[in-house]
> 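Questions regarding the structure given below will be posed in turn.
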Amino acid sequence: YLWFPVFGAVAALALYRLSTRVVLALGLATVCVLVPLSWNRLHTMSDTLLLWEDAAKLIVRGDEPGAGRIYYNRAVALLAKGRKEEALADMDRVVRLHPKLAPVYHTRARAKFELKRYSEAMHDLDASISLDPKRADVYYSRAITLKRLGREDDALRDFRKSCEMKDVMGCYAAQQGRKAGAAATR
């Protein structure tokens with residue numbers, strides 16, 4: 001966009017030499033061309049999913065620089081719309097492109113969790129933790145998944161770990177788990 005002021009100055013100099021009628025005709029023609037193009041861009045930018053689907057259309061091979069980010073963001077938008085299978089397919093692509101990024105496994109685990117594929121989600125959460133063991137949100141997510149699998153003690157351990165890492169939700173869940181455990185032993 002740095003070239004735009006120069007373009008404007010050159011255009012002004014070129015139009016200065018033309019008659020008023022010609023300048024108005026060129027201006028009207030420019031507006032007629034740019035308004036539909038702008039309308040299309042505004043529509044695309046109106047929704048996160050539309051934005052990333054439009055970006056994905058530019059991917060040819062699937063491994064271009066930035067493709068992983070496009071697939072990742074589209075997967076997040078698809079999850080928000082409840083289109084879980086499509087989101088999972090995009091996250092599978094991202095994992096193939098970036099197998100060493102912990103957040104990628106965490107997001108794919110979220111898609112699997114929403115599809116009620118808890119055991120598969122556990123594998124991705126374990127992978128995320130092995131790549132980056134300092135993320136409290138992943139321990140919290142794993143605890144929720146462990147609860148769904150009926151592994152209450154393991155879930156409580158992960159809630160506590162999340163709490164130790166200063167995750168408020170993990171602390172709350174750990175406290176509730178302690179209360180439930182105390183009530184069960186009475």
Side-chain angles (χ1 to χ4, degrees), residues 1-117 120-121 124-125 127-129 131-138 140-141 144 165-169:
Y1 297 109
L2 296 175
W3 56 267
F4 198 72
V6 174
F7 175 75
V10 170
L13 286 173
L15 293 174
Y16 182 73
R17 298 181 185 266
L18 300 175
S19 71
T20 305
R21 274 196 137 148
V22 172
V23 170
L24 288 174
L26 287 173
L28 183 60
T30 302
V31 167
C32 289
V33 169
L34 292 181
V35 166
L37 292 175
S38 298
W39 195 263
N40 181 34
R41 290 289 82 202
L42 287 172
H43 175 69
T44 298
M45 300 293 181
S46 69
D47 181 72
T48 306
L49 181 56
L50 289 175
L51 172 72
W52 293 111
E53 283 183 338
D54 194 50
K57 291 175 189 173
L58 301 175
I59 299 173
V60 178
R61 295 184 325 268
D63 63 348
E64 294 92 345
R69 179 181 176 155
I70 291 169
Y71 290 135
Y72 181 89
N73 288 325
R74 185 171 68 175
V76 171
L78 286 164
L79 278 173
K81 300 270 186 193
R83 294 165 57 183
K84 302 165 194 163
E85 290 289 346
E86 293 170 86
L88 182 57
D90 271 354
M91 286 312 302
D92 288 340
R93 288 183 190 112
V94 178
V95 167
R96 281 193 298 278
L97 292 170
H98 303 288
K100 301 286 186 199
L101 289 178
V104 167
Y105 289 96
H106 187 204
T107 303
R108 186 169 74 169
R110 181 177 151 215
K112 290 177 179 178
F113 182 90
E114 291 190 19
L115 288 165
K116 299 182 181 4
R117 292 159 59 175
E120 291 176 45
D124 282 342
L125 292 166
S128 183
I129 288 171
L131 290 169
D132 184 3
K134 296 179 182 173
R135 295 194 51 204
D137 59 329
V138 182
Y140 181 82
S141 295
I144 297 293
M165 300 170 100
K166 309 294 185 221
D167 181 66
V168 175
M169 293 300 293

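Note that the structure is a prediction, hence the values are computed from the model and not measured.
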> Could you pull out all residues at least two apart from Asp54 that satisfy side chain to side chain donor-acceptor pair (under 3.5 Å)?
Arg41

> Nearest 0.5 Å, please: how far is CG in Leu101 from OH in Tyr72?
9.5 Å

> Please enumerate all residues that pass salt bridge (charged side-chain N to carboxylate O under 4.0 Å, His left out) together with Arg135, with sequence neighbours excluded.
Asp137

> First locate atom NZ of Lys84, then atom CG of Leu88, and finally report the distance between them rounded to the nearest 0.5 Å.
12.0 Å

> For Gly68 versus His98, what's the shortest heavy-atom pair and its separation?
CA-NE2, 3.7 Å

> If you round to the nearest 0.5 Å, how far is CG of Leu58 from CD1 of Ile70?
7.0 Å

> Just jot down the side chain to side chain donor-acceptor pair (under 3.5 Å) partners of Arg108, sequence neighbours excluded, or say none.
Asp92, Asp124

> Ser46 and Leu50: side-chain contact (heavy atoms from CB on, under 4.5 Å), yes or no, with the steps?
CA-CA 8 Å; Ser46 69; Leu50 289 175; 4.2 Å; yes

> Which atom names give the shortest non-hydrogen contact between Gly62 and Ala67, and what distance separates them?
O-CB, 3.6 Å

> Taking side chain as C-beta onward, heavy atoms only, is His106 less than 4.5 Å from Ile129?
no

> From Glu53 CD over to Leu78 CG, what is the distance, rounded to the nearest 0.5 angstrom?
6.5 Å

> Report the C-alpha distance between Val138 and Tyr105 in whole Å, list the side-chain angles of each, state the deciding distance to 0.1 Å, and finish with yes or no for side-chain contact (heavy atoms from CB on, under 4.5 Å).
CA-CA 10 Å; Val138 182; Tyr105 289 96; over 6 Å; no

> Report the residues that fulfil salt bridge (charged side-chain N to carboxylate O under 4.0 Å, His left out) with Glu114, sequence neighbours left out, ordered by chain and then residue number.
Arg110

> Scan the side chains in residues 14-34 for donor-acceptor partners under 3.5 Å anywhere in the protein, sequence neighbours excluded, and list what turns up.
residue : atom : partner : partner atom : Å
Ser19   : OG   : Val22   : N            : 3.4
Thr30   : OG1  : Leu26   : O            : 2.8

> With a sphere of 6.0 Å drawn around CE of Met165, does it hold more than 12 non-hydrogen atoms of other residues, nucleotides or ligands?
yes

> Enter the distance from Arg69:CZ to Trp52:CH2 here, rounded to the nearest 0.5 Å.
5.0 Å

> Is there a side-chain contact between Arg93 and Arg74 in this structure, where contact means two heavy atoms from C-beta onward sitting under 4.5 Å apart?
yes

> Atom CG in Asp63, atom CZ in Arg96: separation rounded to 0.5 Å?
11.5 Å

> Work out which heavy atom in Pro99 is nearest to a heavy atom in Leu131; give both atom names and the distance.
O-CD1, 3.8 Å

> Quick one: list whatever passes salt bridge (charged side-chain N to carboxylate O under 4.0 Å, His left out) with Asp47, sequence neighbours left out.
Lys81

